[in-house]
**Q** 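The structure that follows is given in the form of structure tokens.
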There are 2 protein chains.
Amino acid sequence: MPPTRFQSMLANLRTQGHRVTPQRLAVLRYLAESAEHPSVEDIYRAVKADFPTTSLATVYKTVALLKELGEAMELGFSDSGNRYDGLRPYPHPHLVCTRCRKIMDPDLEGIADLTAELARESGFRILTQRMDFFGICPDCQKNASP
Amino acid sequence: MPPTRFQSMLANLRTQGHRVTPQRLAVLRYLAESAEHPSVEDIYRAVKADFPTTSLATVYKTVALLKELGEAMELGFSDSGNRYDGLRPYPHPHLVCTRCRKIMDPDLEGIADLTAELARESGFRILTQRMDFFGICPDCQKNASP
DNA sequence: TTGCTTGATGATAAGCGTTATCCGTTTCTA
DNA sequence: TAGAAACGGATAACGCTTATCATCAAGCAA
């Protein structure tokens with residue numbers, strides 16, 4: 001049985017000699033269970049429910065640490081807060097609803113091929129990639145106000 | 001003979017009832033000639049060379065106006081200043097050198113198909129998209145320090 | 001278990017790019 | 001060419017993120 005995301009994050013933390021604190025555990029747990037690509041505020045709110053003295057700074061620091069360890073991926077947005085993915089911490093495409101800000105993970109084939117072709121044609125050594133599709137999700141289309 | 005980007009921007013500005021000022025002309029001219037996806041600072045520096053009293057706020061306002069008119073596209077980056085494309089103000093993929101911050105426009109086929117497939121499978125109404133490939137450009141690979 | 005070292009936490013200030021405000025100036029129409 | 005309305009310039013405010021620093025606790029050794 002493969003380790004859960006939570007177990008993997010925790011093991012990585014320990015292996016790299018970082019301390020395990022209740023606040024960190026709470027952040028890990030939340031990220032390991034969230035498919036919604038939460039914001040720092042989302043994480044902060046959730047963690048504070050269990051651990052009311054937690055500071056926003058701690059959430060930022062923990063998230064930065066997980067990013068460094070490769071256990072979380074940051075989705076930066078210049079016009080709103082960044083979002084985090086603890087379940088699939090590697091590049092993959094995203095579907096972003098511009099109305100409710102929901103972010104989903106679509107299945108999309110052929111990105112590796114696309115990247116390889118691009119590298120060959122351009123001479124770039126491509127290290128990572130970001131692919132976002134913006135639109136209106138099915139739910140928001142139903143509850144549509146123009 | 002089709003209108004140049006500069007002519008097109010200017011015409012759009014006039015048609016929509018916006019005033020034509022020397023500062024705006026300078027920003028248009030620079031954007032219409034730049035394939036480098038300049039930052040606001042880049043534009044500011046260039047405009048100030050011809051028009052030294054120009055304010056940074058004016059550049060921001062002009063760029064926002066052009067964006068609104070569909071004559072410039074913003075490339076937002078959460079970890080550095082945004083960049084602007086006045087030559088191709090519609091979604092297209094970008095190659096970003098993470099060392100020298102150069103941004104290029106590769107030729108890449110099949111994005112429309114990819115988008116259509118994604119819309120069909122997900123039920124999203126996709127309105128726009130963003131596709132960035134990050135890596136080291138050929139120049140920086142030559143002058144490589146580890 | 002206890003004590004110690006070092007890293008983590010919490011509160012808040014600082015930083016950075018961008019946007020808002022406000023008043024004097026300029027464009028453009030009539 | 002005169003007047004109304006929009007624009008420009010200077011700077012304050014904003015939102016998110018990072019830095020600072022004193023206090024506190026995790027983890028190790030004895």
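Computed from heavy atoms alone, side chains included, the values below leave out hydrogens, waters and symmetry copies. Every chain is numbered from 1 and lettered A, B, ... according to where its sequence line falls, protein lines coming before strand lines.
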**Q** What does B:Ser80 touch in the nucleic acid at a heavy-atom separation under 4.0 angstrom: a base, only the sugar-phosphate, or nothing?
**A** nothing

**Q** May I have the distance from B:Glu68 (atom CD) to D:dA6 (atom C1'), rounded to whole angstrom?
**A** 14 Å

**Q** Can you see whether A:His92 engages A:Asp85 through a side-chain donor-acceptor pair at a distance of less than 3.5 angstrom?
**A** yes

**Q** Nearest whole angstrom, please: distance from the P of D:dT17 to the CD of A:Glu41.
**A** 9 Å

**Q** How close or far is atom P of C:dT19 from atom CD of B:Glu74, stated in whole angstroms?
**A** 7 Å

**Q** Rounding to an integer number of Å, can you tell me how far B:Gln23 CD sits from C:dT25 C1'?
**A** 10 Å

**Q** Taking the six-membered ring of A:Tyr30, is the NZ or CZ of A:Arg45 close enough (under 6.0 Å from the centre) and on axis enough (within 45°)?
**A** no

**Q** State which residue, out of A:Val47, A:Thr62, A:Val59, fulfils the side-chain contact (heavy atoms from CB on, under 4.5 Å) condition with A:Arg24.
**A** A:Thr62

**Q** Do the charged groups of A:Asp139 and A:Lys102 touch, with an N to O distance under 4.0 Å?
**A** yes

**Q** What is the separation between atom CG on A:Asp79 and atom C1' on C:dT19, rounded to the nearest whole Å?
**A** 13 Å

**Q** If each of A:Leu65 and A:Ala57 is mapped to the nucleotide of DNA chain C with the nearest heavy atom, which maps nearer the 5' terminus, i.e. the 5' end?
**A** A:Leu65

**Q** Counting distance alone, no hydrogens or angles: does the base of D:dG9 have a donor or acceptor under 3.5 Å from a partner atom on the side chain of B:Lys61?
**A** yes

**Q** In whole Å, what is the span from the CG atom of A:Leu56 to the P atom of C:dG10?
**A** 11 Å

**Q** How would you label the contact of A:Thr53 with the nucleic acid (heavy atoms, under 4.0 Å): base, sugar-phosphate, or nothing?
**A** sugar-phosphate

**Q** Check every strand shown and say whether B:Thr54 touches a base, only sugar-phosphate, or nothing at a heavy-atom separation below 4.0 Å.
**A** sugar-phosphate

**Q** If I take atom OH in residue B:Tyr44 and atom P in nucleotide D:dG9, what distance separates them, rounded to the nearest angstrom?
**A** 9 Å

**Q** Could you please name the option among D:dG8, C:dA11, C:dT19 that lies closest to any side-chain atom of B:Tyr60?
**A** C:dT19

**Q** So that I can tick it off, tell me whether A:Glu33 and A:Arg5 are bridged by a salt bridge, with the cut-off set at under 4.0 angstrom between side-chain N and carboxylate O.
**A** no

**Q** Of the nucleotides C:dT18, D:dA10, C:dT9, which one has an atom closest to the side chain of A:Arg24?
**A** C:dT9

**Q** Any salt bridge linking A:Arg130 with A:Asp132? Criterion: basic side-chain nitrogen under 4.0 Å from a carboxylate oxygen.
**A** yes

**Q** Take nucleotides 23-30 of chain D nucleotide by nucleotide from the 5' end and write B, S or -, depending on whether a protein heavy atom sits under 4.0 Å from the base, only from the sugar-phosphate, or from neither.
**A** --BBS---

**Q** Atom CG of B:Asn82 and atom P of C:dT19: how far apart are they, to the nearest Å?
**A** 8 Å

**Q** Checking A:His18 against A:Asn12: is there a side-chain donor and acceptor pair closer than 3.5 Å?
**A** no

